[in-house]
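A short worksheet on the structure shown next.
Reckoned from all heavy atoms, side chains included, excluding hydrogens, waters and symmetry mates. Naming convention: chains lettered A, B, ... in sequence-line order (proteins, then strands); numbering from 1 in each chain.
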Number of protein chains: 2
Amino acid sequence: MHCQHRHTHERQELAALTSRLRREDRKITGPRAAILEILRHHPHPLTNKEIFSELPEGECDLATIYRAMQMLEKLGMVQRFDFGDGAARFELVGEGNNGHHHHLICTRCASVVEVQKCFPEEVEREIAKTNGFTGVTHRLEFFGICPDCQK
Amino acid sequence: MHCQHRHTHERQELAALTSRLRREDRKITGPRAAILEILRHHPHPLTNKEIFSELPEGECDLATIYRAMQMLEKLGMVQRFDFGDGAARFELVGEGNNGHHHHLICTRCASVVEVQKCFPEEVEREIAKTNGFTGVTHRLEFFGICPDCQK
DNA sequence: CGCCTTATTGCAAAAGGTTTGCAATAAGAA
DNA sequence: TTCTTATTGCAAACCTTTTGCAATAAGGCG
(Lines give C-alpha, C1' and ligand atoms only; values in the text may rest on other atoms or scores of the structure.)
Protein backbone atom coordinates (compact mmCIF):
# COMPACT_ATOMS: atom_id res chain seq x y z
CA MET A 1 0.00 0.00 0.00
CA HIS A 2 1.54 3.19 -1.23
CA CYS A 3 0.90 6.51 0.37
CA GLN A 4 -0.11 9.63 -1.43
CA HIS A 5 2.86 11.80 -0.86
CA ARG A 6 6.40 11.20 -1.60
CA HIS A 7 7.80 12.21 1.73
CA THR A 8 5.84 9.60 3.61
CA HIS A 9 6.75 7.04 1.06
CA GLU A 10 10.44 7.72 1.56
CA ARG A 11 10.13 7.60 5.29
CA GLN A 12 8.54 4.23 5.16
CA GLU A 13 11.24 2.93 2.96
CA LEU A 14 13.97 4.03 5.31
CA ALA A 15 12.07 2.47 8.18
CA ALA A 16 11.81 -0.74 6.21
CA LEU A 17 15.53 -0.71 5.64
CA THR A 18 16.47 -0.08 9.22
CA SER A 19 14.04 -2.67 10.50
CA ARG A 20 15.63 -5.11 8.15
CA LEU A 21 18.98 -4.32 9.72
CA ARG A 22 17.57 -4.63 13.21
CA ARG A 23 16.14 -8.00 12.33
CA GLU A 24 19.66 -9.11 11.50
CA ASP A 25 21.02 -7.78 14.78
CA ARG A 26 22.88 -4.92 13.20
CA LYS A 27 23.03 -1.53 14.82
CA ILE A 28 21.48 1.45 13.12
CA THR A 29 24.29 3.94 13.23
CA GLY A 30 24.57 7.45 11.86
CA PRO A 31 26.81 6.43 8.98
CA ARG A 32 24.60 3.49 8.03
CA ALA A 33 21.44 5.54 8.01
CA ALA A 34 23.17 8.21 5.92
CA ILE A 35 24.41 5.63 3.42
CA LEU A 36 20.98 4.07 3.08
CA GLU A 37 19.52 7.53 2.52
CA ILE A 38 21.92 8.13 -0.35
CA LEU A 39 21.21 4.75 -1.90
CA ARG A 40 17.46 5.25 -1.63
CA HIS A 41 17.68 8.49 -3.56
CA HIS A 42 19.82 7.10 -6.36
CA PRO A 43 18.31 4.81 -8.94
CA HIS A 44 21.70 3.88 -10.43
CA PRO A 45 24.59 1.82 -9.13
CA LEU A 46 26.99 3.98 -7.13
CA THR A 47 30.64 3.47 -6.32
CA ASN A 48 31.76 3.78 -2.74
CA LYS A 49 33.55 6.97 -3.61
CA GLU A 50 30.39 8.40 -5.13
CA ILE A 51 28.43 7.55 -2.01
CA PHE A 52 31.21 9.14 0.01
CA SER A 53 31.07 12.41 -1.91
CA GLU A 54 27.28 12.58 -1.62
CA LEU A 55 27.61 12.41 2.13
CA PRO A 56 27.80 15.65 4.11
CA GLU A 57 31.39 16.57 4.94
CA GLY A 58 32.81 14.37 7.68
CA GLU A 59 29.65 12.33 8.06
CA CYS A 60 31.50 9.08 7.68
CA ASP A 61 34.81 7.58 6.69
CA LEU A 62 35.39 5.89 3.33
CA ALA A 63 36.44 2.70 5.12
CA THR A 64 33.11 2.66 6.91
CA ILE A 65 31.32 2.78 3.58
CA TYR A 66 33.35 -0.17 2.33
CA ARG A 67 32.45 -2.08 5.47
CA ALA A 68 28.80 -1.11 5.25
CA MET A 69 28.51 -2.20 1.64
CA GLN A 70 30.09 -5.54 2.42
CA MET A 71 27.58 -6.11 5.15
CA LEU A 72 24.61 -4.92 3.10
CA GLU A 73 25.68 -7.19 0.27
CA LYS A 74 25.93 -10.16 2.59
CA LEU A 75 22.42 -9.44 3.87
CA GLY A 76 21.18 -9.19 0.30
CA MET A 77 20.05 -5.60 0.79
CA VAL A 78 22.34 -4.34 -1.89
CA GLN A 79 23.43 -5.72 -5.25
CA ARG A 80 26.99 -5.39 -6.49
CA PHE A 81 27.70 -4.54 -10.13
CA ASP A 82 30.93 -4.49 -12.06
CA PHE A 83 31.17 -2.18 -15.04
CA GLY A 84 34.73 -3.25 -15.74
CA ASP A 85 36.38 0.01 -14.72
CA GLY A 86 37.86 -1.31 -11.53
CA ALA A 87 35.33 0.12 -9.10
CA ALA A 88 32.48 -1.84 -7.56
CA ARG A 89 29.02 -0.29 -7.78
CA PHE A 90 26.03 -0.88 -5.53
CA GLU A 91 22.29 -0.57 -5.86
CA LEU A 92 19.63 -1.00 -3.20
CA VAL A 93 17.51 -4.13 -3.58
CA GLY A 94 13.85 -4.30 -2.64
CA GLU A 95 12.85 -6.86 -0.05
CA GLY A 96 11.94 -10.24 -1.51
CA ASN A 97 13.75 -9.29 -4.69
CA ASN A 98 17.10 -10.73 -5.60
CA GLY A 99 18.15 -7.59 -7.43
CA HIS A 100 19.28 -9.48 -10.50
CA HIS A 101 19.26 -7.21 -13.55
CA HIS A 102 21.61 -5.66 -16.05
CA HIS A 103 22.75 -2.32 -17.46
CA LEU A 104 23.58 -0.61 -20.70
CA ILE A 105 26.55 1.68 -20.20
CA CYS A 106 27.84 4.41 -22.48
CA THR A 107 31.54 3.92 -23.06
CA ARG A 108 32.00 7.64 -23.75
CA CYS A 109 30.13 9.39 -20.94
CA ALA A 110 29.47 6.47 -18.58
CA SER A 111 25.73 7.12 -18.45
CA VAL A 112 23.75 4.09 -17.37
CA VAL A 113 20.39 2.65 -18.41
CA GLU A 114 18.79 -0.25 -16.63
CA VAL A 115 18.07 -3.25 -18.84
CA GLN A 116 15.28 -5.65 -18.03
CA LYS A 117 16.15 -8.29 -20.57
CA CYS A 118 18.12 -11.19 -19.20
CA PHE A 119 20.04 -14.15 -20.52
CA PRO A 120 17.56 -16.91 -21.52
CA GLU A 121 17.00 -19.23 -18.59
CA GLU A 122 16.74 -22.39 -20.62
CA VAL A 123 20.05 -21.72 -22.32
CA GLU A 124 21.66 -21.09 -18.96
CA ARG A 125 20.24 -24.35 -17.66
CA GLU A 126 21.64 -26.09 -20.69
CA ILE A 127 25.08 -24.60 -20.12
CA ALA A 128 24.97 -25.73 -16.51
CA LYS A 129 23.87 -29.24 -17.44
CA THR A 130 26.36 -29.65 -20.26
CA ASN A 131 29.22 -28.86 -17.94
CA GLY A 132 27.87 -30.48 -14.80
CA PHE A 133 27.77 -27.22 -12.89
CA THR A 134 25.14 -26.39 -10.27
CA GLY A 135 23.90 -23.07 -8.94
CA VAL A 136 24.73 -21.24 -12.13
CA THR A 137 24.15 -17.51 -12.48
CA HIS A 138 25.68 -14.89 -14.68
CA ARG A 139 27.06 -11.41 -14.74
CA LEU A 140 26.02 -9.47 -17.85
CA GLU A 141 26.42 -5.85 -18.86
CA PHE A 142 25.99 -4.08 -22.19
CA PHE A 143 28.22 -1.36 -23.56
CA GLY A 144 27.70 1.09 -26.40
CA ILE A 145 27.43 4.76 -27.37
CA CYS A 146 24.46 6.65 -25.95
CA PRO A 147 22.27 8.99 -28.05
CA ASP A 148 23.94 12.15 -26.68
CA CYS A 149 27.44 10.92 -27.40
CA GLN A 150 26.58 10.04 -30.99
CA LYS A 151 26.08 13.70 -31.89
CA MET B 1 58.69 -35.18 -25.60
CA HIS B 2 56.22 -33.93 -28.08
CA CYS B 3 55.73 -35.45 -31.47
CA GLN B 4 57.21 -33.58 -34.39
CA HIS B 5 53.89 -32.80 -35.88
CA ARG B 6 52.78 -30.82 -32.93
CA HIS B 7 56.07 -29.07 -32.56
CA THR B 8 55.89 -27.83 -36.13
CA HIS B 9 52.41 -26.69 -35.57
CA GLU B 10 53.47 -24.65 -32.55
CA ARG B 11 56.34 -23.10 -34.39
CA GLN B 12 54.12 -21.98 -37.14
CA GLU B 13 51.79 -20.39 -34.72
CA LEU B 14 54.53 -18.43 -33.07
CA ALA B 15 55.75 -17.31 -36.47
CA ALA B 16 52.24 -16.17 -37.31
CA LEU B 17 52.10 -14.17 -34.13
CA THR B 18 55.42 -12.46 -34.61
CA SER B 19 54.70 -11.68 -38.22
CA ARG B 20 51.52 -10.07 -37.09
CA LEU B 21 53.51 -7.89 -34.74
CA ARG B 22 56.01 -7.05 -37.44
CA ARG B 23 53.20 -6.05 -39.74
CA GLU B 24 52.16 -3.52 -37.13
CA ASP B 25 55.68 -2.18 -36.80
CA ARG B 26 56.26 -3.62 -33.40
CA LYS B 27 59.57 -5.09 -32.40
CA ILE B 28 59.86 -8.74 -31.57
CA THR B 29 61.66 -8.65 -28.26
CA GLY B 30 62.65 -11.41 -25.88
CA PRO B 31 59.93 -10.60 -23.37
CA ARG B 32 57.24 -10.41 -26.06
CA ALA B 33 58.19 -13.71 -27.61
CA ALA B 34 58.22 -15.32 -24.17
CA ILE B 35 54.80 -13.92 -23.34
CA LEU B 36 53.32 -15.12 -26.62
CA GLU B 37 54.81 -18.56 -25.96
CA ILE B 38 53.06 -18.72 -22.60
CA LEU B 39 49.76 -17.58 -24.07
CA ARG B 40 49.98 -20.07 -26.92
CA HIS B 41 50.36 -22.93 -24.48
CA HIS B 42 47.47 -21.90 -22.27
CA PRO B 43 43.92 -22.36 -23.47
CA HIS B 44 42.45 -20.34 -20.57
CA PRO B 45 42.51 -16.67 -19.73
CA LEU B 46 45.60 -15.78 -17.69
CA THR B 47 46.23 -12.87 -15.36
CA ASN B 48 49.39 -10.86 -15.83
CA LYS B 49 50.72 -12.26 -12.61
CA GLU B 50 50.08 -15.81 -13.81
CA ILE B 51 51.93 -15.08 -17.02
CA PHE B 52 54.71 -13.59 -14.95
CA SER B 53 55.10 -16.66 -12.79
CA GLU B 54 55.11 -18.97 -15.81
CA LEU B 55 58.05 -17.04 -17.19
CA PRO B 56 61.57 -18.23 -16.39
CA GLU B 57 63.07 -16.26 -13.50
CA GLY B 58 64.11 -12.76 -14.53
CA GLU B 59 62.93 -13.18 -18.09
CA CYS B 60 60.85 -10.06 -17.95
CA ASP B 61 59.44 -7.47 -15.61
CA LEU B 62 55.80 -7.45 -14.52
CA ALA B 63 55.42 -3.91 -15.87
CA THR B 64 56.56 -5.15 -19.25
CA ILE B 65 53.81 -7.75 -19.24
CA TYR B 66 51.24 -5.09 -18.46
CA ARG B 67 52.54 -3.00 -21.33
CA ALA B 68 52.64 -5.97 -23.68
CA MET B 69 49.07 -6.97 -22.90
CA GLN B 70 47.86 -3.43 -23.49
CA MET B 71 49.51 -3.42 -26.86
CA LEU B 72 48.33 -6.91 -27.82
CA GLU B 73 44.81 -5.96 -26.83
CA LYS B 74 44.94 -2.81 -28.94
CA LEU B 75 46.10 -4.88 -31.91
CA GLY B 76 43.28 -7.34 -31.29
CA MET B 77 45.69 -10.21 -30.77
CA VAL B 78 44.48 -10.80 -27.28
CA GLN B 79 41.07 -10.64 -25.65
CA ARG B 80 40.55 -9.23 -22.17
CA PHE B 81 38.20 -10.94 -19.72
CA ASP B 82 36.97 -9.85 -16.33
CA PHE B 83 35.96 -12.54 -13.87
CA GLY B 84 35.08 -9.99 -11.24
CA ASP B 85 37.95 -10.74 -8.91
CA GLY B 86 39.87 -7.57 -9.61
CA ALA B 87 42.46 -8.99 -12.00
CA ALA B 88 42.25 -8.76 -15.78
CA ARG B 89 42.71 -11.98 -17.73
CA PHE B 90 43.91 -12.43 -21.30
CA GLU B 91 43.53 -15.05 -23.98
CA LEU B 92 45.17 -15.25 -27.38
CA VAL B 93 42.85 -14.60 -30.31
CA GLY B 94 43.17 -16.31 -33.67
CA GLU B 95 43.67 -14.10 -36.69
CA GLY B 96 40.45 -12.97 -38.33
CA ASN B 97 38.59 -13.86 -35.15
CA ASN B 98 37.30 -11.22 -32.78
CA GLY B 99 37.76 -13.47 -29.77
CA HIS B 100 34.28 -12.82 -28.44
CA HIS B 101 33.15 -15.69 -26.19
CA HIS B 102 32.27 -16.40 -22.60
CA HIS B 103 33.22 -18.57 -19.65
CA LEU B 104 31.71 -20.63 -16.89
CA ILE B 105 33.73 -20.18 -13.72
CA CYS B 106 33.63 -22.26 -10.55
CA THR B 107 33.19 -19.96 -7.58
CA ARG B 108 34.88 -22.48 -5.31
CA CYS B 109 38.00 -23.56 -7.17
CA ALA B 110 38.12 -20.97 -9.96
CA SER B 111 38.28 -23.58 -12.70
CA VAL B 112 37.18 -22.26 -16.07
CA VAL B 113 35.21 -23.73 -18.94
CA GLU B 114 34.79 -21.97 -22.24
CA VAL B 115 31.18 -21.34 -23.23
CA GLN B 116 30.19 -20.97 -26.84
CA LYS B 117 26.64 -19.81 -26.26
CA CYS B 118 26.18 -16.09 -26.53
CA PHE B 119 23.53 -13.52 -25.73
CA PRO B 120 20.89 -13.57 -28.51
CA GLU B 121 21.80 -11.05 -31.19
CA GLU B 122 18.28 -9.95 -31.94
CA VAL B 123 17.61 -9.19 -28.29
CA GLU B 124 20.81 -7.18 -28.10
CA ARG B 125 19.78 -5.26 -31.19
CA GLU B 126 16.44 -4.57 -29.58
CA ILE B 127 18.07 -3.29 -26.41
CA ALA B 128 20.27 -0.99 -28.48
CA LYS B 129 17.35 0.30 -30.51
CA THR B 130 15.06 0.82 -27.53
CA ASN B 131 17.64 3.01 -25.85
CA GLY B 132 19.05 4.68 -28.93
CA PHE B 133 22.53 3.26 -28.37
CA THR B 134 24.88 2.28 -31.19
CA GLY B 135 27.83 -0.10 -31.30
CA VAL B 136 26.42 -2.26 -28.53
CA THR B 137 28.32 -5.28 -27.22
CA HIS B 138 28.25 -7.11 -23.96
CA ARG B 139 30.39 -8.67 -21.30
CA LEU B 140 28.97 -11.96 -20.01
CA GLU B 141 30.34 -14.61 -17.69
CA PHE B 142 28.67 -17.50 -15.89
CA PHE B 143 29.39 -18.60 -12.34
CA GLY B 144 28.51 -21.81 -10.51
CA ILE B 145 29.88 -24.87 -8.73
CA CYS B 146 31.89 -27.30 -10.85
CA PRO B 147 31.40 -31.08 -10.71
CA ASP B 148 34.51 -31.62 -8.54
CA CYS B 149 33.50 -29.03 -6.00
CA GLN B 150 30.04 -30.51 -5.60
CA LYS B 151 31.45 -33.66 -4.04
C1' DC C 1 78.73 -6.47 -40.29
C1' DG C 2 78.43 -2.69 -37.34
C1' DC C 3 76.21 1.82 -36.50
C1' DC C 4 72.11 4.64 -35.41
C1' DT C 5 67.66 5.72 -34.17
C1' DT C 6 64.11 5.00 -31.40
C1' DA C 7 60.97 1.61 -29.43
C1' DT C 8 61.19 -1.13 -25.47
C1' DT C 9 62.68 -2.58 -20.95
C1' DG C 10 63.71 -2.61 -15.90
C1' DC C 11 63.30 -0.43 -11.84
C1' DA C 12 61.23 2.16 -8.57
C1' DA C 13 57.69 5.07 -7.41
C1' DA C 14 52.92 6.35 -7.70
C1' DA C 15 48.20 5.78 -8.45
C1' DG C 16 43.70 3.90 -7.69
C1' DG C 17 40.51 0.73 -5.17
C1' DT C 18 39.93 -2.05 -1.16
C1' DT C 19 41.08 -4.13 3.32
C1' DT C 20 42.62 -4.21 8.06
C1' DG C 21 44.56 -3.37 12.99
C1' DC C 22 43.63 -0.84 16.82
C1' DA C 23 42.14 2.30 20.11
C1' DA C 24 38.17 5.39 20.76
C1' DT C 25 33.17 5.73 20.36
C1' DA C 26 28.40 4.97 20.56
C1' DA C 27 24.07 1.61 20.00
C1' DG C 28 21.12 -1.09 22.29
C1' DA C 29 20.23 -4.07 26.30
C1' DA C 30 19.70 -4.34 31.15
C1' DT D 1 22.33 5.30 33.52
C1' DT D 2 25.55 1.93 33.08
C1' DC D 3 27.59 -1.88 30.61
C1' DT D 4 28.88 -4.66 26.75
C1' DT D 5 30.27 -5.08 22.40
C1' DA D 6 29.55 -3.77 17.62
C1' DT D 7 31.02 -0.06 14.95
C1' DT D 8 33.80 3.85 13.63
C1' DG D 9 37.88 6.79 12.32
C1' DC D 10 42.38 6.88 11.21
C1' DA D 11 46.43 5.35 9.30
C1' DA D 12 48.82 1.86 7.29
C1' DA D 13 48.85 -2.05 4.32
C1' DC D 14 47.56 -4.60 0.15
C1' DC D 15 46.84 -5.50 -4.78
C1' DT D 16 46.50 -4.50 -9.34
C1' DT D 17 47.82 -1.38 -12.70
C1' DT D 18 50.24 2.72 -14.51
C1' DT D 19 54.11 5.80 -15.26
C1' DG D 20 58.74 8.48 -15.44
C1' DC D 21 63.23 7.87 -16.64
C1' DA D 22 67.60 6.31 -17.79
C1' DA D 23 69.64 2.14 -19.83
C1' DT D 24 69.11 -1.32 -23.42
C1' DA D 25 68.46 -3.62 -27.64
C1' DA D 26 65.63 -4.35 -32.29
C1' DG D 27 65.59 -3.52 -36.86
C1' DG D 28 66.82 -0.41 -40.69
C1' DC D 29 70.57 1.36 -43.26
C1' DG D 30 74.92 2.01 -45.06
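Every residue two or more places apart in sequence or in another chain was checked for a side chain to side chain donor-acceptor pair (under 3.5 Å) with B/H44, and none qualifies. With sequence neighbours excluded, no residue satisfies salt bridge (charged side-chain N to carboxylate O under 4.0 Å, His left out) with A/E122. Applying the salt bridge (charged side-chain N to carboxylate O under 4.0 Å, His left out) test to B/R80 and every residue at least two apart in sequence or in another chain returns B/E73. Under the rule for a salt bridge (charged side-chain N to carboxylate O under 4.0 Å, His left out), the partners of A/R125 that lie at least two apart in sequence or sit in another chain are A/E121. For B/E95, the side chain to side chain donor-acceptor pair (under 3.5 Å) partners at least two apart in sequence or on another chain are B/R23.
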When you look at B/L75 and B/L21, which way does the side chain to side chain contact (heavy atoms under 4.5 Å, CB included) test go after all the steps? CA-CA 8 Å; B/L75 299 190; B/L21 277 186; 3.8 Å; yes
Yes or no on side chain to side chain contact (heavy atoms under 4.5 Å, CB included) for A/R89 and A/F83, after CA distance, side-chain angles and deciding distance? CA-CA 8 Å; A/R89 273 157 228 266; A/F83 289 0; 3.4 Å; yes
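A/F52 has its CZ atom 13 Å from the C1' atom of D/dT8, to the nearest Å. The CG atom of B/L21 sits 16 Å away from the C1' atom of D/dA25 (whole-angstrom rounding). Spacing between atom NZ of B/K74 and atom P of C/dT8 amounts to 11 Å, rounded to whole angstrom units. Residue A/L62 contributes atom CG, which lies 13 Å from atom P of D/dA11 at whole-angstrom precision. We find that CG of B/D61 is positioned 14 Å from P of D/dT18, with the value rounded to whole Å. Regarding B/L55, its CG atom lies at a distance of 13 Å from the C1' atom of C/dT9, rounded to whole Å. C/dT18 atom P lies 11 Å from atom CD1 of A/I51, rounded to whole Å. Note: CD (A/Q70) to C1' (C/dT20) measures 10 Å, nearest angstrom.
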N/O to N/O distances under 3.5 Å, protein versus nucleotides 13-16 of chain D:
| residue | atom | partner | partner atom | Å |
| --- | --- | --- | --- | --- |
| D/dT16 | OP1 | B/K49 | NZ | 3.3 |
| D/dT16 | OP2 | B/K49 | NZ | 2.9 |
| D/dT16 | O3' | B/G86 | O | 3.2 |

Could you write out each protein N or O paired with an N or O of nucleotides 20-22 of chain D at a distance under 3.5 Å?
| residue | atom | partner | partner atom | Å |
| --- | --- | --- | --- | --- |
| D/dG20 | O6 | B/R67 | NH1 | 3.2 |

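Using a 4.5 Å heavy-atom cutoff, the side chains of A/M77 and A/L39 are not in contact. At a threshold of 4.5 Å between non-hydrogen side-chain atoms, the residues B/E91 and B/H101 count as touching.
The side chain of A/R26 approaches D/dT7 more closely than any other nucleotide in the set D/dT7, D/dG9, C/dT18.
The aromatic ring centroids of A/F142 and B/F119 lie less than 6.0 Å from each other.
Atom-to-atom distance recorded for B/F81:CZ and B/H103:NE2 is 4.5 Å, nearest 0.5 angstrom.
In the helix from C/dC1-D/dG30 to C/dA30-D/dT1, the end axes, each obtained as the rotation axis mapping the C1' atoms of four pairs onto the next four within a five-pair block, lie 30° apart to the nearest 10 degrees.
Contacts with DNA chain D (heavy atom under 4.0 Å) in residues 27-34 of chain A: A/K27, A/T29, A/P31, A/R32, listed by number.
For residues 136-151 of chain B, the set of pairs meeting the salt bridge (charged side-chain N to carboxylate O under 4.0 Å, His left out) definition, not counting sequence neighbours, comprises B/D148-B/K151.
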Could you give the side-chain donor-acceptor pairs of residues 57-66 of chain B under 3.5 Å, partners two or more places apart or in another chain?
| residue | atom | partner | partner atom | Å |
| --- | --- | --- | --- | --- |
| B/D61 | OD2 | B/A63 | N | 2.9 |

Enumerate, atom names and distances included, each donor-acceptor pair closer than 3.5 Å involving a side-chain atom of residues 107-118 of chain A, sequence neighbours excluded.
| residue | atom | partner | partner atom | Å |
| --- | --- | --- | --- | --- |
| A/T107 | OG1 | A/G144 | O | 3.4 |
| A/R108 | NH1 | A/C149 | O | 3.0 |
| A/K117 | NZ | B/E126 | OE2 | 3.3 |

